[in-house]
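Quick notes on the structure that follows.
One-based numbering, in listed order, for ligands and for the atoms of each. Only this structure's heavy atoms are used, side chains among them; waters, hydrogens and symmetry mates stay out.
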Amino acid sequence: MSKEQLEKVARALVAKGKGILAADESMGTIKRRFDSIQIESSETNRRAYRDMLFTAPGIEQAISGVILFDETLRTKANDGTPFAELLAKKGILPGIKVDKGPVDIPSFPGEVVTEGLDGLRGRLKEYRDLGAKFAKWRAVISIGDGIPTYTCLKANGHALARYAALCQEADIVPIVEPEVLLDGNHSIEHCQDVSEETLRVTFAELAEQRIYLEGMILKPSMVVSGKDNSRQAGVEEVAERTLRCLKRTVPAAVPGIAFLSGGQSAVSATEHLNAMNKMGPHPWEVSFSYARALQDPALKAWKGATANVAAAQKIFYHRAKMNSAARSGSYSKEMEAAS
Ligand code: 13P
């Protein structure tokens, strides 16, 4: 393990004014995204879509790294360059989703644990040879009646820590993603409690596996009201509660926190990030690793048509720039209108 190399990559991922594009949708997820614009999830369409995103002019000003799915890491862009190489040429770090998704935990109804540790050491070596500099593993925590249980948090924290250790051994920076879902009618106070407990358990497991904290990135969800709760907390409250939760649980040695968007609208995700950075400075960089909040407007504009590529790229570039501004707390609603 090269600690120096890990730290260098981790810091580059959360460089000032930049964040990560998550474009690592699994086959099931990309099918759902394509269903929403009524196009088929064929290999050709998936390649065309990712090509549109990755070749968008100027995105390297705002995007430090892109998380890819296995298929995309092995795919070539329209001009014949492998996607990983195309990104690297733009100064964007290629990353790879390595988990194999969640499965039910026996005897714990409504709770899941993420699989994918078997054979991971070998897969990481292959991914590194294909150009991946960092990886991602997502754990999914639901809030509901009597859940999450400690067993669920512990099982997921353990898997995240085992994954992170194998990544660091292979000189790949692990993105540790424990996502607390926003589905449900729970209050924001409840979300804060669950998020704190999740991160406490996760960092205890990371310590037990001797994770080099300077060489990892945390990808948490924000502390928000449950989607169906009658009181939807405002931007300031989300920012304050999220920061309080993170300050209580995330060691200052971690270089950066890169949030997922989790189903928030594109503008909300930007506003929340902006509000948090306005409240800085913080012990770690406060950044983004969005999938939907970066891609959705561009996906809708693209609609699977070559004729729409340039327009979709402009929209994607705009979203990336808005989040880039939010990295320093300098975003404003007027910037949306101006474009
Ligand atoms: P969203 O930003 O759409 O939540 O996706 C982030 C991600 O990578 C989920 O694993």
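Using a 4.0 Å cut-off between a side-chain N of Lys or Arg and a carboxylate O of Asp or Glu, Arg50 and Glu25 qualify as a salt bridge. No salt bridge links Lys31 with Glu40; every basic N to acidic carboxylate O contact stays at or beyond 4.0 Å. A salt bridge between Arg200 and Glu205 is absent, with no side-chain N of the basic residue lying under 4.0 Å from a carboxylate O of the acidic one. Using a 4.0 Å cut-off between charged side-chain N and carboxylate O, Asp24 and Lys136 make a salt bridge. Ion pairing between a basic and an acidic side chain is recognised when a charged N comes within 4.0 Å of a carboxylate O; Lys8 and Glu4 show no such pairing. With respect to the salt-bridge test (charged N to carboxylate O, under 4.0 angstrom), the residues Glu196 and Arg248 qualify. Residues Glu214 and Lys3 are not paired through a salt bridge, judged by the lack of any N-O separation under 4.0 Å between the basic side chain and the carboxylate.
For ligand 1, the atoms lying closer than 4.0 Å to a non-hydrogen atom of Tyr290 are 2 (O). Of all atoms in ligand 1, listed by their number and element, those nearer than 4.0 Å to a heavy atom of Lys219 are 6 (C), 7 (C), 8 (O). Under a 4.0 Å criterion applied to the non-hydrogen atoms of Ala22, ligand 1 contributes the atoms 8 (O).
When only interatomic distances are considered, the shortest N/O to N/O separation between Ser289 and ligand 1 does not fall below 3.5 Å. Distances between N or O atoms of Ala291 and those of ligand 1 include at least one value under 3.5 Å. Between Gly263 and ligand 1, no pair of N/O atoms sits closer than 3.5 Å.
For atom 4 (O) of ligand 1, the closest non-hydrogen atom of the protein is Gly262 N, 2.6 Å. Among all non-hydrogen protein atoms, the one lying nearest atom 3 (O) of ligand 1 is Arg292 NE, 2.6 Å. The protein non-hydrogen atom at the shortest distance from atom 9 (C) of ligand 1 is Glu177 OE2, 3.2 Å.
Residue pairs satisfying the ring-ring contact (aromatic ring centres under 6.0 Å, His included) criterion with at least one member in residues 205-244, sequence neighbours excluded, are absent.
Distances from atom 10 (O) of ligand 1 to the heavy atoms of Gln295, Glu179, Lys136 show the closest one on Lys136. Considering Ala139, Ala293, Ser26, Ser261 only, the shortest heavy-atom separation from atom 2 (O) of ligand 1 involves Ser261.
Residue contacts with ligand 1 for Arg138 involve side-chain atoms from C-beta outward but no N, CA, C or O (heavy atoms, distance under 4.0 Å).
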